[in-house]
Amino acid sequence: MSETKPHPAVIEMCGAQIAALRDASLTVLEDVNWSVLPGEFWVVAGPQHSGKSDLLLHAAGLLTPAAGICRVFGRETGAFGEAQLADRLRVGFVFADGKLFNQLSIAENVALPLRYQKNLTAAEADRAVEILLELLELTPFADVAPAHLAANWRRRAALARALMLQPELLLLDNPLGGLDGRHRQWLLQFLDQLWRGHEFFGGRPMTLVATAGDLRAWQNSKRQFAVLDDKTFSVLGSWADVEANRHHAVSELLAEPAATHI
Amino acid sequence: MVVRGNLAKAFELTNTQVFRRAALPKSYTDRLGRKLFLFLLTIQGLAAFALITLGVILKKSGVAHSVMQPRVRHEINRAGVSLMPMFIFVALALGFLVIGQTVSALAKVGATNYLGSTMVVVIVRELGPLLTAVLVLARVGTANVIELGTARALGEVEALEALGIDPVHYLIVPRVIGMALGVFALTIYLILGALGSGYLWAFLQDVPLRPGDYFKQIAEALDWLDFVLLALKTVAFGFFIALVTCYHGLAQPLRLEDVSRVAVRAVTQGVVVCVLIDAVFIVLYLVA
């Protein structure tokens with residue numbers, strides 16, 4: 001009888017103490033215990049300044065926890081070096097504000113990781129960039145500078161850049177924040193396609209982790225949820241568990257925004 | 001991780017904010033002590049940053065050259081070719097204002113025999129390289145701090161790290177190479193232009209000196225050491241101007257409002273570094 005090999009966790013945090021990017025002496029989350037398995041789609045929600053972005057930067061291996069352990073693809077993030085670059089490139093990261101390079105056009109931004117990592121000329125990378133831009137409906141903006149593009153499209157360009165190297169794990173920092181209804185809907189559908197296995201990526205399912213300031217848009221029985229509140233990371237489970245949870249932080253993240261009266 | 005580590009290491013070694021913020025009694029000795037301590041920390045930080053940059057230049061010379069070569073070319077163009085019009089003007093002005101008058105004054109007292117050695121000391125060894133370095137610092141160094149400081153404040157460094165791109169390799173190495181080559185080439189053009197226009201000015205003043213005699217004297221006063229030390233000095237100027245400006249723009253996390261303050265500090269330190277390098281080379285000339 002053949003024994004099935006257990007899948008190692010894609011992200012694993014044990015007692016991790018998460019420090020802020022801007023001030024390493026400031027702890028934003030304590031004792032984080034979290035495990036993300038291949039093919040899972042996690043949504044980590046929390047109010048502003050609860051440490052969502054910092055948690056994601058740690059999960060990407062871009063920051064090392066002040067205490068505890070953080071492993072990405074089974075490797076401690078503190079040990080990520082040049083020799084482990086191949087592992088590092090299995091992770092794609094989309095920043096909340098895109099963080100595109102303003103001196104490059106959208107096409108150049110999207111091409112940069114591929115050209116740098118594979119040492120390709122602009123002409124050699126052209127075809128792959130064209131396909132990806134088309135997939136994300138960015139072709140009309142290929143030669144536009146990021147500063148001249150609406151925020152909705154800049155976010156999409158940042159997603160394209162993160163997908164250029166076909167990562168296995170995609171981390172998205174507040175991807176729905178500030179998007180209009182149409183872009184929001186498109187992005188949710190596109191992320192679902194990535195999670196199930198998009199043909200552009202050879203049908204291989206992708207592991208996704210997204211942060212959010214509002215849980216309602218993410219309602220889906222297949223996703224896993226966690227919440228950040230008061231320096232604590234709590235795993236909620238599936239959407240049914242979220243709805244059953246009576247914690248005030250969860251209620252706030254599920255509440256309709258109050259109507260504003262002029 | 002090492003990709004992030006290069007900048008993080010430089011920051012750990014250069015985090016002077018802690019000392020700048022610390023409250024001290026208002027005595028002169030304490031203030032002097034703090035200034036001295038900050039000065040030493042800055043030197044330590046710059047040295048660490050220089051070593052890290054040199055390490056990256058050597059270790060990653062063949063990495064992503066299809067991306068890096070155009071970036072290096074762009075920086076050479078920015079710190080060299082595009083400054084040519086300004087340098088032609090400065091060379092003419094330097095020739096007219098300094099050399100022409102020196103030639104004229106020497107001719108009046110019948111000391112034209114000293115012309116060659118005077119020109120070599122004043123223009124080739126001192127004024128040419130130093131003036132070039134200060135002009136490049138003002139024109140390109142300031143832009144470096146502002147560009148990198150803004151990139152740092154807008155999180156572009158984190159974006160590079162997220163893409164597995166070493167920010168030192170991508171942002172700093174092209175600037176260092178471009179500026180080192182730019183200062184070297186511009187100094188040569190400045191010296192040639194100044195010497196040529198200087199003779200022109202003397203000629204217009206009817207100084208009895210033939211061009212052949214003028215250039216022969218200069219050529220005879222030049223030593224092989226002048227060429228070697230001129231090359232080393234100008235490359236050192238370019239390297240350290242790039243380092244100081246990149247260090248201030250990139251090595252420490254910044255907010256947008258910090259950028260202008262940091263630019264002023266970088267230019268001041270850049271001038272100090274150029275003078276210190278110049279002093280080292282004066283000692284070398286004297287010893288050799």
Side-chain angles (χ1 to χ4, degrees), chain A residues 21-25 53 56-57 60-64 72 75-104 108-109 111-125 146 158 161-162 164-165 167 171 173, chain B residues 1-9 11-12 15 17-18 21 55-56 58-71 74-75 78 143-144 146-148 150-171 173-175 252-256 258:
Chain A
L21 170 69
R22 288 287 162 201
D23 184 358
S25 62
S53 305
L56 222 54
L57 287 168
L62 292 170
L63 294 177
T64 313
V72 180
R75 194 181 296 278
E76 273 199 50
T77 52
F80 264 137
E82 281 312 302
Q84 289 77 36
L85 187 62
D87 275 342
R88 173 73 198 76
L89 297 178
R90 294 163 75 188
V91 184
F93 196 101
V94 185
F95 289 90
D97 51 359
K99 293 200 195 309
L100 295 169
F101 306 115
N102 287 317
Q103 67 279 18
L104 304 179
E108 287 167 339
N109 262 284
L112 181 65
L114 183 69
R115 289 192 56 206
Y116 186 91
Q117 303 299 349
K118 311 270 185 207
N119 192 20
L120 301 180
T121 61
E124 287 168 334
R161 187 178 66 180
M164 191 72 241
L165 292 173
L171 305 169
D173 190 9
Chain B
M1 63 187 291
V2 169
V3 170
R4 180 171 178 75
N6 280 333
L7 273 182
K9 260 185 277 171
F11 176 57
E12 276 165 28
N15 189 3
Q17 296 301 323
V18 180
R21 285 181 198 142
V56 173
L58 296 174
K59 213 167 80 180
K60 298 195 172 178
S61 57
V63 173
H65 57 82
S66 60
V67 174
M68 297 307 292
Q69 271 178 4
R71 287 186 62 76
H74 170 74
E75 291 301 328
R78 198 166 75 134
N144 260 355
I146 293 169
E147 279 173 17
L148 294 176
T150 309
R152 180 88 213 213
L154 293 176
E156 289 183 13
V157 171
E158 283 82 16
L160 284 173
E161 286 164 348
L163 297 170
I165 298 173
D166 185 343
V168 174
H169 186 226
Y170 186 76
L171 295 173
V173 170
R175 284 176 165 86
Q252 305 194 25
L254 293 174
R255 293 168 299 173
L256 276 176
D258 294 330

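Here is the naming used below: chain letters follow the sequence lines, and residue numbers restart at 1 for every chain. Just so you know, these numbers use all the heavy atoms, side chains as well, and skip hydrogens, waters and symmetry mates.
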Tested for side-chain contact (heavy atoms from CB on, under 4.5 Å) against His169(B), the lone hit among Met68(B), Lys59(B), Arg71(B) is Met68(B)

Under 4.5 Å from any heavy atom of chain B - which part of [X]:
{"X": "Leu57(A)", "value": "neither"}
{"X": "Gln103(A)", "value": "side chain"}
{"X": "Phe101(A)", "value": "both"}
{"X": "Leu89(A)", "value": "side chain"}

Pro146(A) and Leu104(A) have their tightest heavy-atom pair at CD-O, 3.0 Å

Residues at least two apart in sequence or cross-chain that pass salt bridge (Lys or Arg N to Asp or Glu O under 4.0 Å) with Glu156(B), listed by chain then number, are none

- Message: According to salt bridge (Lys or Arg N to Asp or Glu O under 4.0 Å), who are the partners of Arg175(B), at least two apart in sequence or on a separate chain?
- Response: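 Expected list: Glu147(B).
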
